[in-house]
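Read through the structure below, which is laid out as structure tokens, and then see the notes.
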Amino acid sequence: MNLNGVQMLEFPQHGDERGHLVVVEGMKDIPFEIKRMFYIYGSDANVVRGRHANRKSEFVMINVAGQSKVRVDDGRGNEAVFSINRPHTGLYLPKMIWKDMYDFSADSVLLVLSNEAYDPDEYIRDYDAFVKEVNADA
Ligand code: TYD
């Protein structure tokens, strides 16, 4: 399986009797400088979010509370499903990966870090167009 570097990352935890503190530093714990963060919560279990790929944005997805699943697809026939369910782990997605987020628990808070500011024009929202673009690059 080659999904262009899609992988689970583990972040340093600083737990003591006061509780837990998890650190995510750009270019240290994740392979980019952080330019944007957003978070998703209140999504029902039957909702599917995402359904897009990005020409420029890379992401790290962290379920800081609860859990969800992410299906990734590189447009070249490789697919994988990741469960994100621990506040000190994150799923790294390079650019040009199709993703669906689903199976959100009621308490899911999905935090997403990115290397790019939001630009709707770098989102590919049509799956067939994504596959075509990936394979044109090959
Ligand atoms: P959308 O891309 O549909 O969310 P998801 O990736 O979970 O499927 O985004 C939902 C709305 O939020 C849409 O109107 C665009 C807006 N949005 C921003 O303004 N900035 C952002 O960084 C993101 C990710 C979304």
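Note that these values count all heavy atoms, side chains included, but never hydrogens, waters or copies made by symmetry. Order of appearance sets the numbers: ligands from 1, and atoms from 1 within every ligand.
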Report task. Inspect the contact between K95 and E116 and indicate whether a charged nitrogen and a carboxylate oxygen are less than 4.0 angstrom apart. Result -> no
Query raised in the report: Are side-chain N/O atoms of R49 and S68 paired as donor and acceptor at under 3.5 Å?
Result: no
Query raised in the report: Would you call the rings of F32 and Y92 parallel, tilted or perpendicular, where under 30° means parallel and over 60° means perpendicular?
Result: tilted
Requested in this report: Evaluate the ring planes of Y127 and W98, with Trp represented by its six-membered ring, and classify them as parallel (under 30°), tilted (30 to 60°) or perpendicular (over 60°).
Outcome: perpendicular
Requested in this report: May I ask you to decide whether R71 forms a salt bridge with D100, counting only side-chain N to carboxylate O separations under 4.0 Å?
Outcome: yes
Report task. Please list, by chain and number, the protein residues whose heavy atoms come under 4.0 Å of ligand 1. Result -> R36, F38, I40, R49, G50, H52, M101, Y118, Y123, R125
Query - Electrostatic pair R76:D74 at N-O distance under 4.0 angstrom - result: no
